[in-house]
Visitor: 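Quick one: the structure is below, and I'll ask about it shortly.
What you see is a predicted model, and the numbers here were worked out from it, not measured in a lab. Both counts, for ligands and for their atoms, begin at 1 and track the order of listing.
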Amino acid sequence: MKTPNQDIKPITTRINEKGNIEIGGCDLIELANIYSTPLYVFDEATIRSMTKAYKDAFKKYPKMMMMYAAKAFMTKAICKIMEQEGFGLDLCSGGEIYTAKTSGFDMSKTLFNGNNKSYEDICMAIDSGVGTFSVDNFFELALLDSIAASKNTTVQILLRITPGIECHTHEYIQTGHLDSKFGFDLTQIDSAIELLIDEYKNLKLVGLHAHTGSQIFEKQVYYDEVEVIFKEIRRIKDKYNIILTEVNLGGGLGIKYTEDDKPISVYEIADTIIDSIKINSEKYKIEEPYVFIEPGRSIIGTAGVTLYTAGSSKQVPNGRKYQAVDGGMSDNARPSLYQAKYTVEIANNPLSEEKEQVTIAGKHCESGDILAKDILLPVINEGDIICFYTTGAYGYSMSSNYNRVLKSAAVLVNNGNSDIILNRQTYEQLCESDVIPESIL
Ligand code: LLP
């Protein structure tokens with residue numbers, strides 16, 4: 001069965017009687033008029049359709065728990081939706097913990113990830129009631145244990161491991177010792193466990209955690225990841241008589257940014273993971289564990305689009321045509337950072353046959369601030385509303401105030417209704433941390 005991550009557009013996208021693009025029953029031109037641009041628009045139906053697909057696809061394996069990787073896009077409204085959908089949260093900073101906690105999220109259903117958790121972050125996580133820590137390295141084991149001891153508490157942990165599976169979009173390679181900043185190398189697990197047995201009495205090890213990559217199109221990666229982890233669980237049981245009951249497989253399922261992308265469905269991933277669980281629990285003779293996954297991009301990516309207003313344009317003599325918009329690398333760093341490609345339409349003129357090649361440029365003082373290079377679009381007029389699809393994941397979450405540009409607003413649309421979930425930043429907020437010290441006056 002197909003799932004929304006396999007399409008470029010949110011599931012409610014259509015062209016209305018006015019000839020404008022509509023998402024969630026809302027005319028994008030009206031949204032641009034009401035909320036101004038740049039504007040992130042999130043389709044609630046697409047988000048919930050993805051969370052439901054994950055739940056449905058994994059229902060054959062009852063010991064399954066879904067955690068939304070908040071790094072993809074997090075606001076308090078998104079935390080609420082995830083809570084309603086029965087998802088936990090994968091958090092990776094003090095700011096993400098704070099957002100989840102203040103949204104009223106049940107913190108026992110959160111996991112704290114990260115390769116350099118600070119003393120303050122760890123204290124905050126323990127005080128906030130974060131359910132489980134994924135411990136990334138030896139330094140963190142010592143730090144976490146000492147903080148837990150000082151607070152007279154025991155913390156439940158997973159060990160983050162580097163499973164030696166590297167994924168690429170169309171192929172994968174296996175190496176014994178992957179060069180990665182994250183997690184324990186497989187050869188370091190035993191030392192970590194021995195430290196836990198001998199010294200770190202305030203940490204309770206319940207399982208293993210791995211994450212092989214992001215924007216994965218290759219289901220074999222998940223199959224192999226389960227096998228690597230189950231093999232370790234068996235080995236740890238044999239060597240230390242410790243029974244690990246939890247396995248976290250990370251996130252990574254890909255989405256479709258352009259027609260060239262062919263992501264697989266949530267059902268295919270789920271069937272692969274469940275098959276591998278069944279086969280490898282038999283093979284390694286371990287009881288089927290609780291399995292967690294942490295999808296981010298595939299939950300929120302397709303649901304989000306960004307609207308811009310077309311401004312100036314420039315025809316380079318005998319060269320490119322540049323069309324500038326009122327946002328750019330500050331609201332979407334992915335094109336300049338990863339040469340990421342997007343599908344683009346003109347929201348007030350999606351169907352015109354009269355097309356030309358154009359390059360959509362951002363407004364920032366940097367030549368690399370290009371949002372889409374050499375794409376074919378209907379002729380753009382100043383004031384047109386330009387819609388970039390699949391910007392829901394890692395757009396706002398990696399946004400910046402470069403050039404002191406304000407962070408954009410986000411709205412949630414559903415059934416013809418639109419609600420702000422992020423107010424546009426104001427100039428007062430932009431400057432609120434600025435200090436002019438006495439000494440220079
Ligand atoms: N779990 C862990 C431990 C992770 O590091 C990540 C993503 C996820 C889950 C969620 O992965 P997802 O399902 O979203 O692929 N900024 C990049 C993506 C970085 C992903 C980092 N880790 C981008 O814009 O493509």
Side-chain angles (χ1 to χ4, degrees), residues 3-5 40 47 50-51 53-54 65-74 78 82 87-93 96 110-117 132-137 140 157-163 165-169 178 180-184 207-219 221-222 225 229 247-258 261 263-266 269-270 273 291-304 306 329 331-342 371 388 390-400:
T3 46
N5 65 306
Y40 301 104
I47 303 173
M50 279 308 297
T51 52
Y54 269 105
M65 176 75 192
M66 258 65 80
M67 316 279 280
Y68 169 65
K71 57 180 79 70
F73 176 64
M74 184 186 209
I78 298 298
M82 292 307 145
F87 273 50
L89 291 179
D90 152 25
L91 307 172
C92 65
S93 70
E96 290 186 359
T110 64
L111 173 75
F112 189 23
N113 263 315
N115 68 318
N116 191 25
K117 304 176 184 79
T132 308
F133 282 67
S134 171
V135 177
D136 199 271
N137 49 58
E140 187 188 335
I157 65 162
L158 307 175
L159 289 181
R160 167 91 183 251
I161 61 163
T162 310
I165 299 166
E166 195 179 310
C167 55
H168 298 290
T169 303
L178 194 64
S180 163
K181 74 167 183 172
F182 294 108
F184 293 92
L208 299 178
H209 177 210
H211 170 76
T212 53
S214 200
Q215 186 64 351
I216 298 174
F217 289 0
E218 180 64 72
K219 57 187 178 185
V221 167
Y222 290 95
E225 187 188 5
I229 295 177
V247 167
N248 184 321
L249 301 173
L253 174 60
I255 65 172
K256 188 177 175 85
Y257 286 95
T258 67
D261 294 331
I264 52 179
S265 79
V266 176
I269 287 281
I273 291 176
V291 177
F292 295 71
I293 49 164
E294 314 166 320
R297 187 192 316 263
S298 55
I299 299 281
I300 204 75
T302 317
T306 306
M329 64 196 294
D331 60 79
N332 186 0
R334 298 190 75 260
S336 46
L337 208 51
Y338 316 121
Q339 289 76 50
K341 294 196 168 42
Y342 287 88
L371 289 171
F388 273 63
T390 50
T391 57
Y394 305 108
Y396 174 76
S397 66
M398 297 202 300
S399 65
S400 74

Visitor: Return the set of residues passing salt bridge (charged side-chain N to carboxylate O under 4.0 Å, His left out) with Asp136 (not counting sequence neighbours), or none when no residue passes.
Guide: none
Visitor: Partners of Met65 by side chain to side chain contact (heavy atoms under 4.5 Å, CB included), sequence neighbours excluded?
Guide: Met67, Lys109, Phe292
Visitor: Taking the six-membered ring of Phe182 as reference, does the NZ or CZ atom of Arg160 fall below 6.0 Å from its centre and within a 45° cone about the axis?
Guide: yes
Visitor: Is NZ or CZ of Lys117 both nearer than 6.0 Å to the six-membered ring centre of Phe133 and within 45° of the ring axis?
Guide: no
Visitor: When you pair each N or O of ligand 1 with protein N or O atoms, which pairs come out under 3.5 Å?
Guide:
from     : atom 1 : to     : atom 2 : distance (Å)
ligand 1 : 1 (N)  : Asp90  : OD2    : 3.4
ligand 1 : 1 (N)  : Glu294 : OE1    : 2.5
ligand 1 : 13 (O) : Gly252 : N      : 2.8
ligand 1 : 13 (O) : Gly296 : N      : 2.8
ligand 1 : 14 (O) : Arg297 : N      : 2.7
ligand 1 : 14 (O) : Tyr394 : OH     : 2.7
ligand 1 : 15 (O) : Ser214 : OG     : 2.3
ligand 1 : 15 (O) : Gly252 : N      : 3.4
ligand 1 : 16 (N) : Tyr338 : OH     : 2.8
ligand 1 : 24 (O) : Arg334 : NE     : 2.6
ligand 1 : 25 (O) : Arg297 : NH1    : 3.2
ligand 1 : 25 (O) : Arg297 : NH2    : 2.9
ligand 1 : 25 (O) : Arg334 : NE     : 3.3
ligand 1 : 25 (O) : Arg334 : NH2    : 3.0

Visitor: What pairs of residues pass the salt bridge (charged side-chain N to carboxylate O under 4.0 Å, His left out) test when at least one of them lies in residues 292-302, not counting sequence neighbours?
Guide: none
Visitor: Quick check: closest heavy atoms across Thr390 and Thr302, and the distance to 0.1 Å?
Guide: CG2-CA, 4.1 Å
